[in-house]
Undergrad: 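Dropping the structure in here first, questions after.
Worth knowing before you read on, the calculation uses all heavy atoms, side chains too, and leaves out hydrogens, waters and symmetry mates.
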Amino acid sequence: MSYASTVKDELSRQIPQARHCQIAEIAAIISMCGRVTISADNRYRIKIHTENVAVARKYFTLLRKTFNIVTDVSIRRNSYLKKSRTYSVVVKEHEDAVRVLMAAKLMGEDGEIGENLSLKKNMIVKQSCCRRAFIRGAFLAAGSISNPEKSYHFEITCATEEKARQLQDIIGTFGLEARIVVRKKYYVVYMKEGSQIVDILNVMEAPVALMDLENLRILKEMRGQVNRQVNCETANIHKTVSAAVKQLKDIEYIRDTIGLSKLPEGLEEVARLRLERREATLKELGEALDPPVGKSGVNHRLRKLGAIADALREKNAEGMGGSPESGSPPEVPEPSGKEEDNYD
């Protein structure tokens with residue numbers, strides 16, 4: 001069973017205690033997936049079609065509890081898709097159909113039915129509990145929710161823009177921001193924020209689905225936090241290793257070109273120590289010096305060695321620098337005392 005089916009199954013078992021809330025939910029189901037037919041002798045029938053047995057069961061139960069109406073239920077199996085079934089719930093009696101339509105405000109006092117089964121008045125959604133029931137019925141009839149393990153997406157498909165705007169406004173009364181997008185010939189009211197989907201499940205009174213979603217959200221956030229931390233640490237390690245490799249290459253180039261003994265005392269000491277302790281951190285190198293030097297001081301000396309190595313490479317590339325054979329090495333710059341004595 002999909003996550004959406006699980007949520008709908010839970011909602012289908014949530015029966016409002018108050019009659020006005022039951023009517024609000026019936027109104028939403030008929031408006032979203034119902035159809036009213038009128039015979040030649042002006043007799044009304046209400047029929048809903050759904051592929052979800054939970055929706056058919058909920059509608060059947062609400063009609064029986066609210067209006068004491070016994071409806072006809074039929075099941076049709078798609079010959080092409082063997083697992084696909086369509087459930088139809090029909091209110092056949094004219095008087096029963098009129099009672100339901102009038103109570104649900106889908107029919108005016110003049111007997112006219114709202115276009116596309118739009119609500120004639122908003123009286124049935126005046127109270128907060130009725131708005132909850134209406135949203136629940138709309139979701140049962142035409143809603144969908146994605147598996148939170150993959151993505152966060154909640155939507156209810158409406159046949160007209162008027163229905164979509166009305167549903168958007170009702171959802172908005174609970175402090176939630178739903179959006180509308182046109183998909184083919186339908187208007188889809190949707191939300192994509194995980195926190196808002198948790199809130200809408202709370203509004204529809206689906207506590208089990210809400211807790212499942214919250215647990216998944218917490219798990220995903222923890223995984224994301226761990227992944228970010230690991231990626232950050234990996235990047236720092238890579239950066240540190242790359243810096244150490246460059247330092248060794250620079251020091252080896254200086255050694256092979258002019259010799260480490262040509263360096264100032266402080267730079268020579270760090271250079272020889274880095275060659276001896278290739279995997280040591282800046283802190284460990286600083287502690288091994290005599291006197292000890294802070295990380296910033298060690299880093300400054302290593303940058304100086306890098307600058308000297310780059311200068312030697314540039315002069316040698318131009319054919320102007322000295323070499324071990326020439327006996328005339330280029331001048332090595334002395335680091336300033338202020339920078340050399342940085343013992344942070």
Undergrad: So, does K8 use its side chain to make a donor-acceptor pair with the main chain of G143 at under 3.5 Å?
TA: yes
Undergrad: Checking the side chain of S12 only, and the main-chain atoms of D9 only, is there a donor and an acceptor separated by less than 3.5 Å?
TA: yes
Undergrad: Quick one: does S242's side chain have a donor or acceptor within less than 3.5 Å of a partner on K239's backbone?
TA: no
Undergrad: Would one find more than 12 heavy atoms of other residues, nucleotides or ligands at under 6.0 Å from atom CD of E193?
TA: no
Undergrad: Does a side-chain heavy-atom distance below 4.5 Å link I251 with L260?
TA: yes
Undergrad: Cut-off 3.5 Å, side chains only: do D41 and S39 have a donor facing an acceptor?
TA: yes
Undergrad: Are any of the side-chain nitrogens in R136 or E205 under 4.0 Å away from the carboxylate oxygens of its partner?
TA: yes
Undergrad: So L62 and P16, do their side chains get closer than 4.5 Å, heavy atoms only?
TA: yes
Undergrad: Hey, what do you get for CD (Q17) to CD1 (I15), rounding to the nearest 0.5 Å?
TA: 9.0 Å
Undergrad: For Y44, does its backbone N or O pair with a side-chain atom of H94 as donor and acceptor, under 3.5 Å?
TA: yes
Undergrad: Do side-chain atoms of R131 reach the backbone of K126 as a donor and acceptor pair under 3.5 angstrom?
TA: yes
Undergrad: Could you check whether any side-chain N or O of K58 sits under 3.5 Å from a backbone N or O of L11, counting only pairs where one atom can act as donor and the other as acceptor?
TA: yes
Undergrad: State whether the number of non-hydrogen atoms from other residues, nucleotides or ligands found under 6.0 Å of R303 atom CZ is greater than 12.
TA: yes
Undergrad: Between D250 and R313, does any side-chain N to carboxylate O distance fall below 4.0 Å?
TA: yes
Undergrad: Strictly distance-based, threshold 3.5 Å: is any side-chain N or O of K92 a donor or acceptor partner for the main-chain N or O of D72?
TA: no
Undergrad: Distance-only, no hydrogens or angles: does the R99 side chain make a donor-acceptor pair with backbone N or O of F67 under 3.5 Å?
TA: yes
Undergrad: Nearest 0.5 Å, what's the NZ-OG distance between K105 and S31?
TA: 15.0 Å
Undergrad: Can you tell me how far the CZ atom of R35 sits from the CZ atom of R45, to the nearest 0.5 Å?
TA: 8.5 Å
Undergrad: Quick one: are E252 and Q247 in side-chain contact, heavy atoms under 4.5 Å?
TA: no
Undergrad: Within a 6.0 Å radius of atom CG on N68, are there more than 12 heavy atoms belonging to other residues, nucleotides or ligands?
TA: no
Undergrad: Quick one: pull up OG1 in T61 and CD in Q22 and give me the separation to the nearest 0.5 Å.
TA: 10.5 Å
Undergrad: Under the side-chain contact (heavy atoms from CB on, under 4.5 Å) criterion, do Y59 and T50 qualify, and how do the steps go?
TA: CA-CA 10 Å; Y59 181 61; T50 178; over 6 Å; no
Undergrad: Are V36 and V89 in one and the same hydrophobic cluster, where Ile, Leu, Val, Met, Phe, Trp and Tyr link if side-chain heavy atoms are under 4.5 Å apart?
TA: yes
Undergrad: Would you say Y253 and N316 make side-chain contact, with heavy atoms under 4.5 Å?
TA: yes
Undergrad: Could you check if a side-chain atom of R217 sits within less than 4.5 angstrom of a side-chain atom of S195, using non-hydrogen atoms only?
TA: yes
Undergrad: Determine whether more than 12 heavy atoms belonging to other residues, nucleotides or ligands lie under 6.0 Å from atom CD of Q14.
TA: yes
Undergrad: Is a donor on one side and an acceptor on the other found under 3.5 Å between the side chain of E155 and the backbone of S144?
TA: no
Undergrad: State, with a plain yes or no, whether a side-chain heavy atom of I258 is found less than 4.5 Å away from one of I254.
TA: yes
Undergrad: Output the distance between atom CD1 (I171) and atom CZ (F134), rounded to the nearest 0.5 Å.
TA: 10.0 Å
Undergrad: Do side-chain atoms of R274 reach the backbone of R278 as a donor and acceptor pair under 3.5 angstrom?
TA: yes
Undergrad: Determine whether V198 and E214 make a side-chain contact, defined as any pair of heavy atoms from C-beta on separated by less than 4.5 Å.
TA: yes
Undergrad: Should N52 and L140 count as side-chain neighbours, where that means a heavy-atom distance under 4.5 Å?
TA: no
